[in-house]
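Everything on this sheet refers to the single structure shown next.
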There are 2 protein chains.
Amino acid sequence: MSMPQPGEAPDTARQRLRVWLRLLKATRLVEATVRENLRVEFDTTLPRFDVLAALYRFEDGLKMSELSAALRVSNGNVTGIIERLVTDGLVLRVPVAGDKRATLVRLTKKGNEEFSKMAAAHATWVSAILEELPPEACEQMIGHLDTIGNSPKLTAKVNGDD
Amino acid sequence: MSMPQPGEAPDTARQRLRVWLRLLKATRLVEATVRENLRVEFDTTLPRFDVLAALYRFEDGLKMSELSAALRVSNGNVTGIIERLVTDGLVLRVPVAGDKRATLVRLTKKGNEEFSKMAAAHATWVSAILEELPPEACEQMIGHLDTIGNSPKLTAKVNGDD
DNA sequence: GCTTGAAATTTCATGCTTGAAATTATCGGG
DNA sequence: CCCGATAATTTCAAGCATGAAATTTCAAGC
């Protein structure tokens, strides 16, 4: 606790690496559980869930490019996922008046109902998984995670409101 | 079906959900940066890096099943990644004496040298990305992340030493 | 010796993901 | 009008990931 600024303490880098490994491990564990629950209980996947969540939030629909930007995934990726969701009747493609290039994508009634159920279950799962985390720990985590997320060394842009 | 605990504050679940969303977002941002750095600087991918890291640690080699268990991915997945690493001369397949079913997999000299460079660069990237996290925050994060990782509600097993 | 079951791995079908290239449509000049 | 630049999207090839089915080998028991 006494090195103010001389380059960097050698252990600091090691400790940060440990944080990253723990972060990755914990996230993958939780994610794997969520994925499995989605598969077993709703016969769906996390990417599909993510897409439905975005469309649920923007009731008026999103253009394909807006959707891929919101989810921070590639355009081509969204094309495939939407294709399957349309086939399953959860999503609808609507032409944009006055621009034949773009397509608007939005939830169908069925999609809306399905996602409502999934979202409720999802919230329950997550709360159960994190049940050992007391409120103060949650506060600390949120603060630290935001710090990480705002690092200027990160490649990806972080403009949007999410 | 487990009964919800009676004395839970109503906002607690919401806050935990927020923690999860932040966790996922921060992890994906860091991961995306690491992936891009691996691609640009070493023309490789995170899954390949993970495999090399595991083999680097176990100098005497690992059986395919041990490898997939260590990385917590499916067997078939490892088969494909190893195939490509062998093609690139970074990994070697060795038959196991006395058991024609199994194969041992280990790094070649080239694989060892390549990974050494990658690991050093990787540590540098991560330390830079997390540079805004003071040591105290690191300690807190590690504690909380371990708490999450030990949740009994998680599906995946967490036996191994990693 | 056979048979039967378990173990180690591969194969397969399907879906997600990316970056790059191709396609189609819009828009602002000339 | 046409031309070139830009925008919105799709297509494509390659790799990653899964769970399930198929393959090959081993290890006992009878």
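Below, chains carry the letters A, B, ... as their sequence lines are ordered, and counting in each starts from 1.
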In whole angstroms, the gap separating P of C:dT26 from NZ of A:K63 amounts to 12 Å
Members sharing B:L104's hydrophobic cluster, built from side-chain contacts under 4.5 Å between Ile, Leu, Val, Met, Phe, Trp and Tyr, are B:V94, B:V96
Are any side-chain N or O atoms of B:R18 and backbone N or O atoms of A:I142, one a donor and one an acceptor, separated by less than 3.5 Å?
no
**Item:** N-O pairing of B:R48 and B:D88 below 4.0 Å
**Value:** yes
Return no unless some side-chain N or O of A:N77 is found under 4.0 Å from OP1 or OP2 of C:dT18.
yes
What residues 88-103 of chain A contributes to the DNA chain C interface at heavy-atom separation below 4.0 Å is A:D99, A:K100, A:R101
Whole-Å distance, B:I82 CD1 to C:dA8 C1', equals 15 Å
On a heavy-atom basis, the closest approach of A:V78 and A:M64 is CG1-CE, 3.6 Å
Regarding B:L46, tell me which of base, sugar-phosphate or nothing describes its non-hydrogen contacts under 4.0 Å with the strands shown.
nothing
Ranking A:T79 and A:R39 by the position along DNA chain D of their nearest nucleotide, the one closer to 5' is A:T79
From CD of A:E66 across to P of D:dA7 the rounded distance in Å is 15 Å
- Query: Do B:S151 side-chain atoms and A:I129 backbone N/O form a donor-acceptor pair below 3.5 Å?
  - Reply: yes
| Checking B:S68 side chain against B:S74 main chain: does a donor-acceptor pair fall under 3.5 Å? | no
Taking C:dT17, C:dT9, D:dA17 as options, the one with an atom nearest any side-chain atom of B:S74 is D:dA17
Q. Under 3.5 Å, is there a donor-acceptor pair between the side chain of B:R106 and the main chain of B:E59?
A. yes
Taken to the nearest whole Å, CG/B:N75 to P/D:dA22 is 17 Å
B:L38 atom CG is separated from C:dG19 atom C1', nearest whole Å, by 16 Å
Scan A:S65 against the nucleic acid and name what it touches under 4.0 Å (heavy atoms): base, sugar-phosphate only, or nothing.
-> sugar-phosphate
Discussion item. Quick check on the 6.0 Å ring-centre criterion: do B:F42 and B:F49 meet it?
Written reply: no
B:F49 atom CZ is separated from D:dC16 atom C1', nearest whole Å, by 17 Å
OP1 or OP2 of C:dC16 versus the side-chain N and O atoms of A:R48: is any pair under 4.0 Å? no
Within the structure shown, what part of the strands sits under 4.0 Å from B:R84 by heavy-atom distance: base, sugar-phosphate, or nothing?
sugar-phosphate
note: B:E31, atom CD; D:dA17, atom C1'; distance rounded to Å ~ 13 Å
Every stem of 3 or more Watson-Crick or G-U pairs under 3.5 Å that DNA chain D joins, in order of first number, is C:1-30 with D:1-30
